[in-house]
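My questions will all concern the structure given below.
In the text below, chain A, chain B and the rest are named by the order of the sequence lines, each starting its count at 1.
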There are 2 protein chains.
Amino acid sequence: MAERGRPRSFDRTVALRRAMEVFWAKGYEGASLADLTGAMGINSPSLYAAFGSKEALFGEAVALYGETEGTAIWHAIPEAPTAREAIRRFLEATAEAFSAPGKPPGCLIVLGALHAGEASTGVCRDLRARRAGNVETLRARFERAVLEGELPMGFDCTAAATFYATVQHGMSIQALDGAAREALLAVARGAMAAWDGLVSSAGPRGAPRGAPQEASGAGTQRGSDC
Amino acid sequence: MAERGRPRSFDRTVALRRAMEVFWAKGYEGASLADLTGAMGINSPSLYAAFGSKEALFGEAVALYGETEGTAIWHAIPEAPTAREAIRRFLEATAEAFSAPGKPPGCLIVLGALHAGEASTGVCRDLRARRAGNVETLRARFERAVLEGELPMGFDCTAAATFYATVQHGMSIQALDGAAREALLAVARGAMAAWDGLVSSAGPRGAPRGAPQEASGAGTQRGSDC
DNA sequence: TCTTTTTTGTATTGATCGATACAGAAATCT
DNA sequence: AGATTTCTGTATCGATCAATACAAAAAAGA
């Protein structure tokens, strides 16, 4: 534990949180080194000594985001007694988080790096994998609800997970456009209004055609080059 | 009509279309002058002589996008006999357009410039205004449906418009993540499943609390700085 | 105290950004 | 033809990008 050289003059965790806020507000490519070092209160050599590179710093910032902001949004998914309650709380928590005063609007994982621009292919791919993991989390919750009898056997868990993930992604855009908390909560209520329709469309023969997009595995994807 | 100097050696409309595709695929900040001039087949002085600046070129590209790609998505809103049919066709056309082979996934107006980065505040504001106009288009269609008796008097047109716009925005993210056409169509069906719930929640007294976000006017918006 | 190790601040690197200066080329007008 | 006007290609502008070289500074180990 004995550390040898000159001690670091800043708190690494605090600096990382500042960096996360900058990336959150401006995105990966929009956040310049000058923005980051300015917010972190350090010079660029200290940043590179402590975090390695801008991309590595972003990776740590996203991980921190998932551990802090993300838990408030996602904790209800496994904890709620029913899938319906889980999704309702998930969407409500999203509305609250995306309109939290003093914090950037929307989601870092959705808005952080959409376009894969040469130097940010790795960053974009990481975020995309996280989004795919989130869809998978929703899908698994629906699967559980089917096993528990809350949802009918023919229920299309993948389609439902994709639908609610899509709504949540759209809420990031709405938040960025200045939607107030009430507007986001209204969107959440609208999405919950789809619940009965989604369940009833899973009749014995009327199972809606599935939505591919398997979470893992290299399925046939078109989409962007990130 | 007689033009004086040396004639332009390229087709301005063709070059603009190429620029639109570059902006569409890479976003405003992600598209460099080298990307643009390379795709347009001209040198930078010709670009500046013909379009003025990168920002002005983007403005023309967005306008062209609205006149070409946009019409396929939005034409059903005024033309369909009922609001329900209008929204259904609108979402289906969105799913088709966002997964069209040979074209970039998602929507230029949604993905073109989300973060307002210093030099792109004007660009970001323009896109935001277009998105607000789209929400207003949906809201006006719902209002018409109320007047025509298709929807009950207590129907919250603003909330419904915000909800369906949010779903469509989320579909851009899904498309960027590689969602195939079937997956996007499943999202559209999911959103339509919300219809009955939205209508029935507009009971004589149970009108859901409104979603602010007026389209024009400087209401109290938090949100980003663009 | 002296060496070793690590961090810090200053200054700078090559690359790329959007945007132009300039001169030659190609058209119309007188 | 000669003057005028506009466009084209080359070459480059200052600014900013992410990333470092370097030496002084501040700690522990010998």
*Would one find a side-chain N or O of A:S32 under 4.0 angstrom from OP1 or OP2 of D:dC17?*
yes
*Within this structure, what is the CG-to-C1' distance between B:L33 and D:dC17, rounded to whole angstrom?*
15 Å
*Kindly calculate the angle separating the two end axes of the helix from C:dT1-D:dA30 to C:dT30-D:dA1, each obtained from five base pairs, and round it to 10 degrees.*
10°
_Base-contact (B) and sugar-phosphate-only (S) positions in nucleotides 2-8 of chain C, heavy-atom cut-off under 4.0 Å, - elsewhere_ = --BBBBS
*May I have the distance from B:F51 (atom CZ) to D:dC7 (atom P), rounded to whole angstrom?*
12 Å
*Nearest heavy-atom pair of B:V22 and B:A39: which atoms, and what distance?*
CG2-CB, 3.5 Å
*Aromatic rings B:Y28 and B:F23: how do their planes relate, parallel, tilted or perpendicular, breaks at 30° and 60°?*
parallel
*C:dG18 P sits how many Å from B:M40 CE, rounded?*
13 Å
*Partners passing side-chain contact (heavy atoms from CB on, under 4.5 Å) against B:E69 (at least two apart in sequence or in another chain)*: B:M20, B:W24, B:Y65, B:K103
_Restricting to salt bridge (charged side-chain N to carboxylate O under 4.0 Å, His left out), what partner residues turn up for B:R89, sequence neighbours left out?_
B:E85
_Could you go through A:R131 and A:H169, starting from their C-alpha distance and side-chain angles, then the distance that decides it, and tell me whether this counts as side-chain contact (heavy atoms from CB on, under 4.5 Å)?_
CA-CA 9 Å; A:R131 290 194 293 268; A:H169 294 167; 4.0 Å; yes
*side-chain hydrogen bond (donor to acceptor under 3.5 Å, both in side chains) with A:S32: which residues, sequence neighbours excluded?*
A:D35
_One pair to check against side-chain contact (heavy atoms from CB on, under 4.5 Å): B:R189 and A:F163. What are the steps and the verdict?_
CA-CA 9 Å; B:R189 285 192 297 270; A:F163 169 69; over 6 Å; no
_Nearest whole Å is fine: how far is D:dA19 P from A:L36 CG?_
10 Å
*May I have the distance from A:Y48 (atom OH) to D:dA19 (atom C1'), rounded to whole angstrom?*
5 Å
*Atom CD of B:E29 and atom P of D:dC17: how far apart are they, to the nearest Å?*
11 Å
*In whole angstrom, give the distance that lies between atom CZ of B:R12 and atom C1' of D:dT8.*
17 Å
*Report yes or no: is the cationic atom of B:R8 (NZ for Lys, CZ for Arg) under 6.0 Å from the centre of the six-membered ring of B:F10, at an angle within 45° of the ring normal?*
yes
_Which residues share a salt bridge (charged side-chain N to carboxylate O under 4.0 Å, His left out) with B:R144, sequence neighbours left out_ = B:E148
*Grab the CG-P distance between B:L47 and D:dT10 for me, whole Å please.*
16 Å
